[in-house]
Amino acid sequence: MRLEDLARVVDPIAVRGDLTREINGLYCDSRQVRSGGLFFALKGVASDGHDFIAAARERGAVAVVLEDEARAPGEMEWIRVRDARLAMSRMAALFYGQPTDGVPVVGITGTNGKTTTTYLVEAIMARAGIPAAVFGTISYRFGSKLVPAPHTTPESVELQATIRDLVDEGAKAVVMEVSSHALEQRRVDGCRFDVAVFTNLTRDHLDYHRDMESYFGSKARLFTELVAPDGIKPRRTAAINGDDSYGARLIESSAAPVVSYGLAADAAVRAENVVFSVDGIAGTLVTPLGTAPFHSHLLGRFNLYNILAAVAAGVGLGLPLDAILGGIEDDVRVPGRLERVPNERGLTVLVDYAHTGDALENVLKTVSELTTGRIITVFGCGGDRDRGKRPVMAEISGRYSHLTIVTSDNPRTEEPRAIIEEVLTGVRPMGLREYDARELGRGFVDKGFTSLVSRRDAIRLAATVAAAGDIVLLAGKGHEDYQIIGTEKFHFDDREEAAAAFRSSDSGE
């Protein structure tokens, strides 16, 4: 594709050189550039792509998109734009043949529930005979093809290239988790969404966003800008949780017609006569397409909202009610989301990705509604991330759990014990008993908490003190199969560790 064709979609401020030059690839990492490539000099948090223009040229780049004309190279074609990330998104979509133009695309954003909702929407589409490619926190996948996800939403060049590949392989739809980072960084601006879904908004990523309003503003772009009807897709829809205060604001500002969902009587999609149990969720589903009884194997009130979000997306896509019901009633298994770890001791051991205060509270509320036994919670907080949520999560765990074991998550470059001490400031004022981890080998009676730096030892301690009828919750890492300590990534999977711990406990090792 010629450089001048790409330039037409970005409204350049200035250009230099031969725009008829052929471009063979798009790159934002100078280390990946190949001959004939177009390099995007992106300004990041830790580095500035303008510093790598020379390196990109040495590897074969023939042109560069940049924001700072003063740093433009004298020996390359260049295009100056106001926003290089936006330019990259639009150019990538054009370069790869606008892969989202001809298939329905569902974008799901919010703090919690995105991953489960993508699985449910995928199941609904499958019931409707529409095989979907899925991009999410756990993986990018289609059919038997599955790639672990380094980011919830890839950079725009990778995203458009992957969508192109999967559509060419037979995907008839795209379901995508859309992170606030992706919206802030314009990674999805080259996508044409049919339905935008909003789950909820609670404190998260405030290490990146300045405050909750900035965080909300990033999420809101999906509804106020990216789902606006146009000539390519004139019938677009926003599926929004009206029970969430931020969702209520989006309903008023959405650029597309809204299908609201929730438990309120005026929600377009809602559930009535709901019963929660260890077998799942049952009730009556009310939609613009009709009313029908339903049952899902998923657990808890927060999963009911995920179900309603998926139903609202199905309504927005114009899918039949029987396909929607079939999808939400399928045995959808979401890795690391209240995932059970089988054991022979009669214990319910659950692994969940809950890594924010709201997510942890939702999970613990669900667990407390499903048991009359004790709740033992193991969790930690990541290093180099939002420190404000650390005491919040501890207070929540202390409130709902009979025993809280505070441990490491991904400490990254922070000192693990220092993170734990910040977490403990949220539970110490509650008047609960602070146990020495060694004395817990004999069990516990009083409601309390303890701490262990080693996550493996913390899980083993939970296995040691748990008794029949208890529920053990391992929160924070979910599907992740690694732990980041310092700058190194080590294999670590809560599910594997729990399975080993309960085997060891059973055998008396």
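No hydrogens, no waters, no symmetry mates; every other heavy atom, side chains included, goes into these values.
A heavy-atom distance below 4.5 Å is not found between the side chains of E361 and F302. By the 4.5 Å heavy-atom criterion applied to side chains, F502 and V349 are counted as neighbours.
A pairwise comparison of heavy atoms in I163 and P99 identifies CG2-CB, 3.6 Å as the closest pair. Taking both residues in full, the closest heavy atoms of N112 and T202 are given as ND2-OG1, 3.5 Å, listed atom of the first, atom of the second, then distance. Residues V188 and S89 share a closest heavy-atom pair of N-OG, 4.3 Å. The nearest pair of heavy atoms linking V472 to A462 is CG1-CB, 4.0 Å. For the pair D470 and V465, the tightest heavy-atom approach, listed with the atom from each and the gap, is OD2-O, 4.4 Å. Closest approach of L308 to G262, counting heavy atoms only: CD1-O, 3.6 Å.
Judged purely by atom type and a 3.5 angstrom limit, S254 has no side-chain atom pairing as donor or acceptor with the backbone of I251. With hydrogens and angles disregarded, a donor-acceptor distance shorter than 3.5 Å links the side chain of E177 to the backbone of T137. Remark: the backbone N or O of L263 is paired with a side-chain donor or acceptor of D243 at under 3.5 angstrom. The backbone N or O of H295 sits less than 3.5 Å from a side-chain atom of E329, completing a donor-acceptor pair. Distance alone, capped at 3.5 Å, is enough to place a donor-acceptor pair between the N343 side chain and the L347 backbone. Listed for the T117 side chain is a donor-acceptor partner under 3.5 Å among the backbone atoms of G113. Checked by atom type and distance alone, the side chain of K114 pairs as donor or acceptor with a backbone atom of G110 at under 3.5 Å. R221 contributes a side-chain N or O that, together with a main-chain N or O of L183, makes up a donor-acceptor pair within less than 3.5 Å. Using modelled atom types, one side-chain atom of N241 and one backbone atom of T199 make a donor-acceptor pair closer than 3.5 Å. Checking side-chain atoms of E439 against main-chain N and O of D436 turns up a donor-acceptor pair under 3.5 Å.
With respect to the salt-bridge test (charged N to carboxylate O, under 4.0 angstrom), the residues R412 and D384 do not qualify. Between K43 and D48 no salt bridge is recorded (no basic side-chain N to carboxylate O distance below 4.0 Å). A salt bridge does not link R85 to D83: none of the charged side-chain nitrogens sits closer than 4.0 Å to a carboxylate oxygen. Taking 4.0 Å as the cut-off between side-chain N and carboxylate O, D352 and K477 do not count as a salt-bridged pair. Using a cutoff of 4.0 Å between basic side-chain nitrogens and carboxylate oxygens, E344 and R503 are not scored as salt-bridged. In summary, R417 and E422 do not engage in a salt bridge, as defined by a charged side-chain N under 4.0 Å from a carboxylate O. Taking 4.0 Å as the cut-off between side-chain N and carboxylate O, R333 and D331 count as a salt-bridged pair. Residues R455 and E497 are not paired through a salt bridge, judged by the lack of any N-O separation under 4.0 Å between the basic side chain and the carboxylate.
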- Verify ring pair (Phe, Tyr, Trp, His ring centres under 6.0 Å) between F492 and Y482, making sure each step is shown before the conclusion. CA-CA 4 Å; F492 192 97; Y482 60 84; over 10 Å; no
- Task: Any chance you could lay out the ring pair (Phe, Tyr, Trp, His ring centres under 6.0 Å) test for F39 and Y27, step after step, and finish with the verdict?
- Result: CA-CA 5 Å; F39 177 64; Y27 306 93; 8.5 Å; no
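Judged purely by distance below 3.5 Å, without hydrogens or angles, the side chains of K219 and S180 never pair a donor atom with an acceptor atom. Side-chain contact, S401 with T377: a donor N or O sits under 3.5 Å from an acceptor N or O. Using a 3.5 Å distance cut-off with no hydrogens or angles, the side chains of Q483 and H491 do not pair a donor with an acceptor.
Between Y140 and F135, the gap from one ring centroid to the other is short of 6.0 Å. In this structure, Y353 has its ring center under 6.0 Å from that of H355.
Annotation: cation-pi geometry not satisfied between R59 and F52 (NZ/CZ under 6.0 angstrom from ring centroid, within 45° of ring axis). Taking the ring centre of Y435 as origin, the terminal cationic atom of R442 falls outside the region bounded by 6.0 Å and 45° from the ring axis.
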